[in-house]
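Quick note: numbers below take in every heavy atom, side chains included, and nothing from hydrogens, waters or symmetry partners.
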Amino acid sequence: MRLLLDTHFAFWWQTGDARITASVRKVIESAEAVFVSRASLWELTIKAGLGRLHIDLPVFAAQVEAMGFTWLDIRNEHILGLAGLPACDDHKDPFDRLLVAQSRAEPLILLTVDSKLVRYGDTVKLV
């Protein structure tokens, strides 16, 4: 299985957060490939700049590859894929929507804790 970690999981993995359960850890560790989107780095940078998150961004960026994950760049087909996503009044987060579009285009399984993302289809896995 090829995975795309949502921003929460990418951050939690690096910080050793207890919200990464043993079962989720097993899924990630047994994956054929694990990707972290550049959109997640962008989102974390914005949150840190607003003071909503304390993170050493250069360390985070370096650790993605050091932990065996691969960066997923944002390509035109990902951005254009946003147009094909259903509009949802209760979910407009542009970073989440971009991750979903990337998971569909690649294809990858997007691991997330956000139950609102499940409605976007079978490339999204709620854990």
Side-chain angles (χ1 to χ4, degrees):
M1 180 177 351
R2 293 167 25 99
L3 302 175
L4 174 60
L5 302 182
D6 78 358
T7 305
H8 288 101
F9 279 122
F11 178 71
W12 293 344
W13 188 271
Q14 284 195 13
T15 60
D17 195 292
R19 288 174 278 197
I20 301 276
T21 64
S23 61
V24 172
R25 181 170 298 281
K26 184 176 180 179
V27 168
I28 293 170
E29 290 174 344
S30 66
E32 173 187 335
V34 179
F35 293 85
V36 175
S37 175
R38 299 268 185 206
S40 291
L41 180 59
W42 182 11
E43 180 179 11
L44 292 171
T45 300
I46 289 172
K47 288 182 177 183
L50 295 172
R52 294 176 40 202
L53 179 69
H54 298 290
I55 182 173
D56 186 328
L57 291 162
V59 169
F60 175 86
Q63 286 297 314
V64 166
E65 290 178 1
M67 293 186 309
F69 302 156
T70 302
W71 282 112
L72 179 60
D73 291 329
I74 301 168
R75 297 194 317 268
N76 287 352
E77 68 182 290
H78 300 150
I79 296 167
L80 295 171
L82 292 167
L85 295 180
C88 302
D89 288 337
D90 66 336
H91 186 264
K92 297 180 182 180
D93 184 301
F95 295 105
D96 285 346
R97 291 175 60 81
L98 181 54
L99 293 176
V100 169
Q102 287 181 303
S103 73
R104 288 176 155 198
E106 290 306 319
L108 300 166
I109 300 299
L110 174 62
L111 288 187
T112 186
V113 294
D114 188 343
S115 61
K116 292 179 183 178
L117 297 184
V118 174
R119 72 183 86 181
Y120 291 111
D122 59 1
T123 64
V124 178
K125 180 175 180 177
L126 182 67
V127 289

*Asks:* Does a side-chain heavy-atom distance below 4.5 Å link Pro86 with Tyr120?
*Replies:*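 In contact.
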*Asks:* Are any non-hydrogen side-chain atoms of Leu99 and Thr112 less than 4.5 angstrom apart?
*Replies:*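 SC-SC contact between Leu99 and Thr112 ruled out.
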*Asks:* Please tell me if the side chains of Gln14 and Val64 come closer than 4.5 Å, counting only heavy atoms from C-beta onward.
*Replies:*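 In short, these two side chains touch, coming nearer than 4.5 Å.
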*Asks:* How long is the span from the OG1 atom in Thr70 to the CD atom in Glu65, to the nearest 0.5 Å?
*Replies:*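 Going from the OG1 atom of Thr70 to the CD atom of Glu65 covers 7.0 Å.
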*Asks:* Do Ile46 and Phe95 come close enough that some side-chain heavy atom pair is under 4.5 Å?
*Replies:*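 Of all side-chain heavy-atom pairs linking Phe95 with Ile46, at least one is under 4.5 Å.
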*Asks:* Checking Arg119 side chain against Lys116 main chain: does a donor-acceptor pair fall under 3.5 Å?
*Replies:*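 Here the side-chain-to-backbone pair exists.
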*Asks:* Counting only heavy atoms not in Trp42 (residues, nucleotides, ligands), do more than 12 fall under 6.0 Å from its CH2?
*Replies:*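 12 or below, so no.
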*Asks:* Taking only Lys NZ, Arg NE, NH1 and NH2, and the carboxylate oxygens of Asp or Glu, determine whether Glu106 and Arg75 approach each other closer than 4.0 Å.
*Replies:*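 Looking at Arg75 together with Glu106, the answer is yes, because their closest N to O distance falls below 4.0 Å.
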*Asks:* If you group Ile, Leu, Val, Met, Phe, Trp and Tyr whenever their side-chain heavy atoms sit less than 4.5 Å apart, what else falls in with Val59?
*Replies:*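 Listed partners: none, Val59 stands alone.
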*Asks:* So if you build clusters from Ile, Leu, Val, Met, Phe, Trp, Tyr with side-chain heavy-atom gaps below 4.5 Å, do Leu82 and Val118 land together?
*Replies:*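 Cluster IDs for Leu82 and Val118 differ.
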*Asks:* Roughly how far, to the nearest 0.5 Å, is the CG atom of Asp93 from the SG atom of Cys88?
*Replies:*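 The distance works out to 12.0 Å.
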*Asks:* For Asp89, does the CG atom have more than 12 heavy-atom neighbours from other residues, nucleotides or ligands under 6.0 Å away?
*Replies:*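 No, because the 6.0 Å sphere around CG of Asp89 holds 12 heavy atoms or fewer from other groups.
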*Asks:* Quick one: pull up CD in Glu32 and CG in Leu3 and give me the separation to the nearest 0.5 Å.
*Replies:*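 Answer for the CD-CG pair, Glu32 versus Leu3, is 9.5 Å.
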*Asks:* Under a 4.5 Å cut-off applied to non-hydrogen side-chain atoms, are Val127 and Val27 in contact?
*Replies:*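 Side chain of Val127 against side chain of Val27, heavy atoms only: no contact under 4.5 Å found.
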*Asks:* Are Leu80 and Leu85 joined in one hydrophobic group, where the rule is that I, L, V, M, F, W and Y side chains link up if heavy atoms are under 4.5 Å apart?
*Replies:*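 No: no chain of side-chain contacts under 4.5 Å links Leu80 to Leu85.
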*Asks:* Given Leu110, which partner from the list Leu5, Leu126, Asp6 fulfils the side-chain contact (heavy atoms from CB on, under 4.5 Å) test?
*Replies:*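 For Leu110, the side-chain contact (heavy atoms from CB on, under 4.5 Å) check succeeds only for Asp6.
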*Asks:* Examine Leu111 and Val34 and state if one hydrophobic cluster contains both, with Ile, Leu, Val, Met, Phe, Trp and Tyr joined whenever side-chain heavy atoms are less than 4.5 Å apart.
*Replies:*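 As far as the 4.5 Å side-chain criterion goes, Val34 and Leu111 are connected within one cluster.
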*Asks:* Taking the side chain as every heavy atom from C-beta outward, state whether Leu4 and Gln102 have any pair of such atoms under 4.5 Å apart.
*Replies:*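 A side-chain contact exists here, since the closest heavy-atom pair is under 4.5 Å.
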*Asks:* So if you build clusters from Ile, Leu, Val, Met, Phe, Trp, Tyr with side-chain heavy-atom gaps below 4.5 Å, do Leu117 and Phe35 land together?
*Replies:*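 Cluster IDs for Leu117 and Phe35 match.
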*Asks:* For the residue pair Asp96 and Val100, establish whether any side-chain heavy-atom pair is separated by less than 4.5 Å.
*Replies:*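 They are not in side-chain contact.
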*Asks:* State plainly whether one hydrophobic cluster holds both Phe60 and Ile20, where clusters connect Ile, Leu, Val, Met, Phe, Trp and Tyr through side-chain heavy atoms under 4.5 angstrom apart.
*Replies:*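 Cluster IDs for Phe60 and Ile20 match.
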*Asks:* Side chains of Arg25 and Trp13, heavy atoms from C-beta outward: is any pair under 4.5 Å?
*Replies:*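 They are in side-chain contact.
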